[in-house]
Amino acid sequence: MTEVSSLTGRLLVAAPALTDPNFDRAVVLLLDHDEEGSLGVVLNRPTPVGVGDILASWAGLTGEPDVVFQGGPVSLDSALGVAVIPGDEGPLGWRRVHGAIGLVDLETPPELLGPALGSLRIFAGYAGWGPGQLEGELNEGRWYVVESEPGDVSSPRPERLWRAVLRRQRSELAMIATYPDDPSLN
């Protein structure tokens, strides 16, 4: 078996040709990637459900939009908290994933984490891949892998994130940001 180079903390940006409706124009933050598989959350799928409707104690700590995001098609009945906490040390109830980005234990009392949070987003469900599955999709050109920035997690305009992430690339990927929503209308 070939060794898997970890992509944890990086972004998967859906190629325009990716036809799976779960990932059309998706930007996925990889929270875990190793030889056993991959797990991430879709950063640009807000739902109409307010955070206060399902996790009232966390509602005042999330940014705009103050809604739950659909993290992916797997386990939609579970919630994940992803937060940016600046500095070297994170508080109890937060586990660093990459840089300042980490996972929040939503069982932790919010008042313990609140003062340390730079931003917080709540996700229902996640995106998951079995061993070698993501590598296969990467080889097929379904995803672009790019560096994440802490602001990606809490983008106030998630509907613009796909284009914004592509546009900031210093390669031919920047041109893909201009790809039309419906190429048949060109």
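Owing to the predicted nature of the structure, the values given are computational and were not obtained by experimental measurement.
- With rounding to the nearest 0.5 Å, the separation of CH2 in Trp143 from CG in Leu11 is 10.5 Å.
- With hydrophobic clusters built from ILVMFWY side chains whose heavy atoms lie under 4.5 angstrom apart, Leu55 does not share a cluster with Leu80.
- When all heavy atoms of Ala59 and Val51 are compared, the pair lying nearest together is CA-CG1, 3.7 Å.
- Under the side-chain hydrogen bond (donor to acceptor under 3.5 Å, both in side chains) criterion, no residue pair touches residues 93-114, with sequence neighbours excluded.
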field: Pair Trp129-Glu137, side chain to side chain contact (heavy atoms under 4.5 Å, CB included): steps then yes or no
entry: CA-CA 10 Å; Trp129 294 264; Glu137 291 182 15; 3.1 Å; yes
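- For the pair Leu166 and Tyr179, the minimum side-chain heavy-atom distance is 4.5 Å or more.
- Looking at Val41, Val49, Leu76 one by one, the single match for side chain to side chain contact (heavy atoms under 4.5 Å, CB included) with Gln70 turns out to be Leu76.
- Within the 3.5 Å criterion, the main-chain N or O of Leu161 finds no donor-acceptor partner in the side chain of Ser155.
- Checked against side-chain hydrogen bond (donor to acceptor under 3.5 Å, both in side chains), Thr8 has the following partners two or more places apart in sequence or in another chain: Ser6.
- A 4.5 Å side-chain heavy-atom check between Gln169 and Val146 finds at least one atom pair inside the cut-off.
- Between Asn44 and Trp162 the shortest side-chain heavy-atom distance falls below 4.5 Å.
- Atoms CG and CG, on Leu31 and Leu7 in that order, are 12.5 Å from each other to the nearest 0.5 Å.
- In summary, of the residues considered (Val82, Val42, Asp152), a side chain to side chain contact (heavy atoms under 4.5 Å, CB included) with Leu29 occurs for Val82 alone.
- When side chains are defined from C-beta on, Ile85 counts as touching Leu117, because their heavy atoms get closer than 4.5 Å.
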Test log, rule side chain to side chain contact (heavy atoms under 4.5 Å, CB included), inputs Arg163 and Arg25: CA-CA 9 Å; Arg163 289 188 194 283; Arg25 303 274 170 129; 3.4 Å; yes
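- Closest of all the heavy-atom pairs between Asn22 and Asp20 is N-OD1, 2.8 Å.
- Inter-residue side-chain proximity for Glu159 and Pro65 is flagged as unmet; no heavy-atom pair is nearer than 4.5 Å.
- In terms of hydrophobic clustering, with Ile, Leu, Val, Met, Phe, Trp and Tyr side chains grouped at heavy-atom distances under 4.5 Å, Leu39 and Val74 are assigned to a common cluster.
- Across all their heavy atoms, Val68 and Gly50 have their closest contact at CG2-O, 4.1 Å.
- Residue pairs meeting the salt bridge (charged side-chain N to carboxylate O under 4.0 Å, His left out) criterion with at least one member in residues 56-80, sequence neighbours excluded, do not occur.
- No side-chain heavy atom of Leu18 sits under 4.5 Å from any side-chain heavy atom of Asp24.
- Residue Arg45 holds its CZ atom at 12.5 Å from OG1 of Thr47, rounded to the nearest 0.5 Å.
- Hydrophobic clustering keeps Ile101 apart from Val145 (ILVMFWY residues linked when any side-chain heavy atoms are closer than 4.5 Å, directly or through intermediates).
- With Ser119 contributing its side chain and Ser154 its backbone, the two residues share no donor-acceptor pair below 3.5 Å.
- Contact between Pro150 and Val84 at its shortest, heavy atoms only, is O-CG2, 3.5 Å.
- Hydrophobic cluster membership differs between Leu43 and Leu134, with clusters built from Ile, Leu, Val, Met, Phe, Trp and Tyr side chains linked at under 4.5 angstrom.
- Considering all non-hydrogen atoms of both residues, Pro91 and Ala116 come closest at CG-CB, 3.8 Å.
- Val104 is not connected to Val97 by any chain of hydrophobic side-chain contacts under 4.5 Å among Ile, Leu, Val, Met, Phe, Trp and Tyr, and they are in different clusters.
- Inter-residue side-chain proximity for Leu113 and Trp58 is flagged as met; some heavy-atom pair is nearer than 4.5 Å.
- Summarising the geometry of Ala127 relative to Pro73, their closest heavy-atom pair is CA-CD, 4.3 Å, with the distance given to 0.1 Å.
- A distance of 8.5 Å separates CD in Gln133 from OG in Ser38, rounded to the nearest 0.5 Å.
- Side chains of Leu138 and Tyr144 form no contact here, defined as non-hydrogen atoms less than 4.5 Å apart.
- The structure places CD1 of Ile54 at 9.0 Å from CG of Leu106, a figure rounded to the nearest 0.5 Å.
- Once rounded to the nearest 0.5 Å, the distance linking CD of Glu35 with CD of Glu135 reads 10.0 Å.
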